[in-house]
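The chains referred to below are lettered A, B, ... by the order of the sequence lines, with proteins before strands, and numbering in each begins at 1. When reading the values below, keep in mind they use all heavy atoms of this one structure, side chains included, and skip hydrogens, waters and symmetry mates.
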Amino acid sequence: MLYSIRHTTRYQYTSPIVESVTEVRMQPRNTDYQQCSQFRLQVRPQARLFTYNDEQQNTVHHFTQPGIHQQLAIVAESEVLVLPRPGLPAWLPNDSWEAIDAASGQHWDWVAPSNDTAPTEQLQQLANELQVTRNEDPLKLLVALNHRLHRSIAYDSGSTHVDSPIDEALQHRRGVCQDYTHIMLALVRNYLRIPCRYVSGYLFHSRTDTSADGATHAWLDVWLPLLGWVGFDPTNDMLVNERHIEVAVGRDYHDIPPTRGLYKGNAGSEMNVGVRVRMLQGSAEQIENNEDESAEPTTYRSTAQQLQARYAETLAAIQMQQQQ
Amino acid sequence: MAEARQVTATQDRRFQTYQLDEAYDEMFAPDGRPRPQYLTLFNRLLELSPSELEARQQSADLSFLHQGVTFTVYSDARGTERIFPYDLLPRIIAAAEWETIERGLIQRITALNLFLHDIYHQGQILADKVVPREMVYSSKHYRREMRGLDVPHGVYVAITGTDLIRLTDGRFAVLEDNLRVPSGASYMLANRQVMKRIFPGLFSQYGVRPLEFYGQALQNTLAALSPVSSEETTIVLLSPGVYNSAYFEHTFLARQMGIPLVEGRDLAVHDNIVYMRTTAGLRRVNVIYRRIDDDFTDPLVFRRDSMLGVAGLFNAYRSGNITLANAIGTGVADDKAIYAYVPAIIRYYLGEDAILPNIETYQCGEPNERRYVLDNLASLVVKAVGESGGYGMLVGPHSTAEERATFRTLIEANPRNYIAQPTIHLSRAPCFLEGQVEARHVDLRPYILYGKRVTILPGGLTRVALRRGSLVVNSSQGGGSKDTWVLTR
């Protein structure tokens with residue numbers, strides 16, 4: 001499939017700001033199943049764009065806007081070819097658990113619980129409920145877990161925000177793709193000890209998908225012997241396929257947010273995000289789904305008060321600087 | 001404890017309470033006679049009346065007060081700034097002893113620097129299982145952002161302050177590697193300045209190797225690591241500000257080097273270039289001697305709430321436009337759990353045995369060693385691995401049952417975070433205290449500069465546990481310091 005993606009992000013500040021510094025992870029990765037043939041990033045106010053590859057080989061763009069401004073717009077456009085993934089076997093060889101443990105040294109970062117995927121009491125409860133333990137073939141276990149997790153959590157687009165810990169979603173059993181992904185990562189790392197990573201990207205939606213169209217998507221890759229990285233999408237109760245477009249991988253969301261920025265000024269901000277994925281080439285049935293519904297952009301807010309609250313902590317931090 | 005003996009070399013009443021036992025004494029040999037390098041000082045002490053010594057001590061104290069040589073104690077609710085206590089009598093190191101120290105430190109810092117380069121690139125030492133992967137990756141000072149990033153000349157640790165102690169057999173051993181933001185060099189320099197005024201005759205009689213070039217040497221080191229030529233280089237010292245305990249040192253060193261002292265808000269990054277705001281507009285900066293922790297350097301990459309650093313600094317760093325000294329992520333190599341592996345690290349990279357030995361160390365992360373530690377809390381010193389400055393520490397023999405119970409809980413909750421070492425008899429050196437010459441425990445922190453090559457300042461900061469019997473020399477825990485003389489021959 002060949003897709004064209006347009007990802008727009010607009011920040012509106014409550015009063016003028018200066019010296020904003022922004023980092024963007026929006027360029028789709030090149031992998032065994034995916035090739036990003038075109039990528040264009042535009043920002044307003046205009047800025048010189050710099051780029052580097054982070055330690056996971058995600059492409060990062062960054063820029064600074066020193067002048068006074070009250071809005072920031074980021075538009076990322078890409079064309080990506082995605083190939084179908086090979087089907088999975090029904091089970092793995094008998095010695096797979098040993099192979100997983102033997103490889104966990106080199107996958108250390110993917111097995112160790114990160115900040116967003118550390119064990120909690122509520123996670124323990126869910127693990128008990130879903131019987132997450134090494135009692136079966138790893139692949140069969142993961143496929144079943146993907147399905148059960150999907151059924152345990154209700155998709156609710158307003159229920160959590162980007163900085164919510166997994167407990168927030170676990171408590172109400174409601175969340176968005178980020179929560180499904182963090183919870184499954186936490187279960188797989190803490191109870192199955194299989195290497196796994198957070199993937200951010202886009203989904204070319206079909207009508208039956210649970211996740212909201214018009215936004216970025218998230219899922220996880222799990223490392224399995226013989227197969228390598230296998231993608232699971234618990235939000236939509238499916239395996240990752242040629243409708244998933246991979247942008248960045250990390251230990252959890254906070255390693256790879258699509259945008260990360262700071263500015264100077266006593267102002268709150270409002271962020272609007274819109275994502276449009278179009279299919280340029282594919283089967284007739286799939287093209288039919290390709291309606292431009294122009295979904296409402298998602299809005300996120302942070303207030304000046306929240307920013308000020310951090311100030312007191314910072315003063316304390318000055319004293320916390322360790323003396324050697 | 002062996003029975004304490006009195007000094008036999010003299011019946012002088014100044015030495016009446018001088019304690020000699022199995023701890024190595026810097027001044028007296030086991031037979032009670034002064035060691036050769038101390039003989040001149042010893043004789044001079046016999047000539048001076050106690051009131052004369054007292055007068056010199058007062059004069060020294062006053063000098064520190066006037067210079068504003070202070071530090072802040074965080075754990076003290078009064079939050080007071082204090083004068084750094086200064087002891088009148090120099091600690092004297094013979095030329096041959098120093099030569100061993102110097103070779104040992106060069107070896108150690110070279111190996112640690114290779115280790116840092118390796119773990120942030122290929123990770124060969126981890127693949128070869130010389131150091132467990134887990135030890136590195138679970139260290140709170142390991143910075144994943146540094147992977148694959150090349151630092152100027154491959155130098156990660158430009159400034160080191162290694163803590164040495166002297167064992168009972170007289171050998172120097174390494175207690176801690178301080179590879180992040182080591183402090184105290186200003187006290188070393190201030191001590192020397194005062195010493196030359198208080199004992200001018202004795203000082204010149206002795207033939208002491210100079211230290212005064214530290215500022216110049218530090219500046220040369222920083223300039224050598226600059227992305228541009230030395231002549232064009234602008235160096236700044238980045239401080240967390242006046243509330244930081246080492247602020248005195250920041251001002252002192254900036255003045256010594258004649259470089260601007262800045263805080264985060266004085267800097268800005270635009271298009272990967274770091275600028276300093278001056279009265280004449282923006283000025284490009286090439287090297288930052290940063291005295292703030294990794295976590296606070298760039299809020300975009302590390303702690304978002306930090307207002308001490310500069311947003312965008314790390315990207316400028318990655319692009320090679322700015323040098324940070326020390327590099328980001330050096331703390332993983334002075335993690336107290338990695339410390340135990342340093343002799344193996346030296347052997348791995350240099351094919352040599354460590355010249356300066358380590359102190360025996362138990363890793364609480366290892367089940368067997370943990371059991372031993374928990375069974376022997378009363379005789380061991382327990383340390384939290386990521387801490388420094390004597391915080392987060394249990395000195396077994398001086399602890400209460402309650403303190404031991406607290407540490408037991410802490411260790412069991414997070415074993416990886418603790419190591420333990422046998423209680424070491426730090427060596428003792430003569431100190432002038434309340435009209436008497438008394439023996440107090442000391443350590444030694446030499447400063448190592450690593451630019452184009454390694455330079456070691458002859459001497460360092462000798463820290464003194466001024467409380468009788470105390471083994472903790474940290475200034476934050478009631479320690480003081482004294483001038484350290486390395487003899488020319």
Side-chain angles (χ1 to χ4, degrees), chain A residues 18-24 47-57 60-67 104-115 163 250-251 254-255 257 259-264 302 306-324, chain B residues 71-72 74 79 126-127 129 132-134 136-138 144-149 161 176 178-184 240-246 265 268-272 291-293 295-296 299-301 303-308 310-312 315 318-319 334 386-389 391 474-476:
Chain A
V18 292
E19 293 183 29
S20 66
V21 180
T22 311
E23 237 182 40
V24 165
R48 192 170 155 198
L49 297 176
F50 293 85
T51 177
Y52 69 91
N53 287 348
D54 70 12
E55 66 271 21
Q56 300 310 330
Q57 299 308 312
V60 184
H61 290 84
H62 61 97
F63 51 89
T64 49
Q65 289 144 324
S104 64
Q106 76 202 66
H107 289 304
W108 199 91
D109 273 344
W110 309 124
V111 188
S114 62
N115 282 341
D163 288 324
R251 287 169 300 173
H254 287 96
D255 270 358
T259 58
R260 176 149 66 188
L262 288 164
Y263 54 84
K264 288 193 176 165
S302 83
Q306 279 172 336
L307 297 171
Q308 282 161 347
R310 291 183 184 149
Y311 182 68
E313 291 169 31
T314 307
L315 288 180
I318 297 176
Q319 295 209 340
M320 276 168 43
Q321 298 293 298
Q322 291 197 358
Q323 291 310 307
Q324 283 199 314
Chain B
F71 71 100
T72 311
Y74 293 146
L126 307 178
K129 296 188 170 25
R133 235 175 253 279
E134 159 125 23
V136 171
Y137 291 166
S138 66
R144 284 159 178 80
E145 295 79 3
M146 287 296 289
R147 284 183 186 160
L149 195 150
E176 273 176 30
N178 295 300
L179 309 173
R180 285 173 276 154
V181 190
S183 60
V242 293
Y243 296 109
N244 187 256
S245 75
R265 59 170 183 255
V269 177
H270 179 54
D271 287 355
N272 275 350
R291 298 293 302 249
I292 63 177
D293 296 341
D295 268 347
F296 294 86
L300 187 67
V301 180
R303 279 182 65 147
R304 281 188 74 77
D305 57 354
S306 169
M307 291 173 88
L308 309 179
V310 194
N315 282 334
R318 186 198 311 275
S319 73
D334 77 10
E387 303 291 328
S388 57
Y391 293 96
N474 303 82
S475 54
S476 50

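Every residue two or more places apart in sequence or in another chain that forms a salt bridge (charged side-chain N to carboxylate O under 4.0 Å, His left out) with B/Arg147 is listed here: A/Asp109. Residues satisfying the ring pair (Phe, Tyr, Trp, His ring centres under 6.0 Å) criterion with B/Tyr137, sequence neighbours excluded, are A/Trp108, B/Tyr142.
Other residues, nucleotides and ligands place no more than 12 heavy atoms under 6.0 Å from the CG atom of A/Asn115.
Between chain B and the residues A/Val21, A/Val60, A/Leu49, A/Asp54, the most heavy-atom pairs under 4.5 angstrom are made by A/Val21. Annotation: maximal heavy-atom pairing with chain A below 4.5 Å, among B/Leu126, B/Asp295, B/Leu300, occurs at B/Leu300. The greatest number of non-hydrogen atom pairs below 4.5 Å with chain B, out of A/His62, A/Arg48, A/Arg260, A/Lys264, is found for A/His62. Interface check for chain A: of the options B/Ser319, B/Ser138, B/Pro132, the most heavy-atom pairs under 4.5 Å are formed by B/Ser138. Comparing A/Gln106, A/Glu55, A/Gln65 by heavy-atom pairs within less than 4.5 Å of chain B, the highest count is held by A/Glu55.
A donor-acceptor pair under 3.5 Å is formed between the side chain of B/Asn178 and the backbone N or O of B/Gly161.
Looking at A/Gln56 and A/Asp255, their side chains never bring a donor and an acceptor atom within 3.5 Å of each other.
Heavy-atom distances place no part of A/Phe63 under 4.5 Å from chain B, backbone and side chain included.
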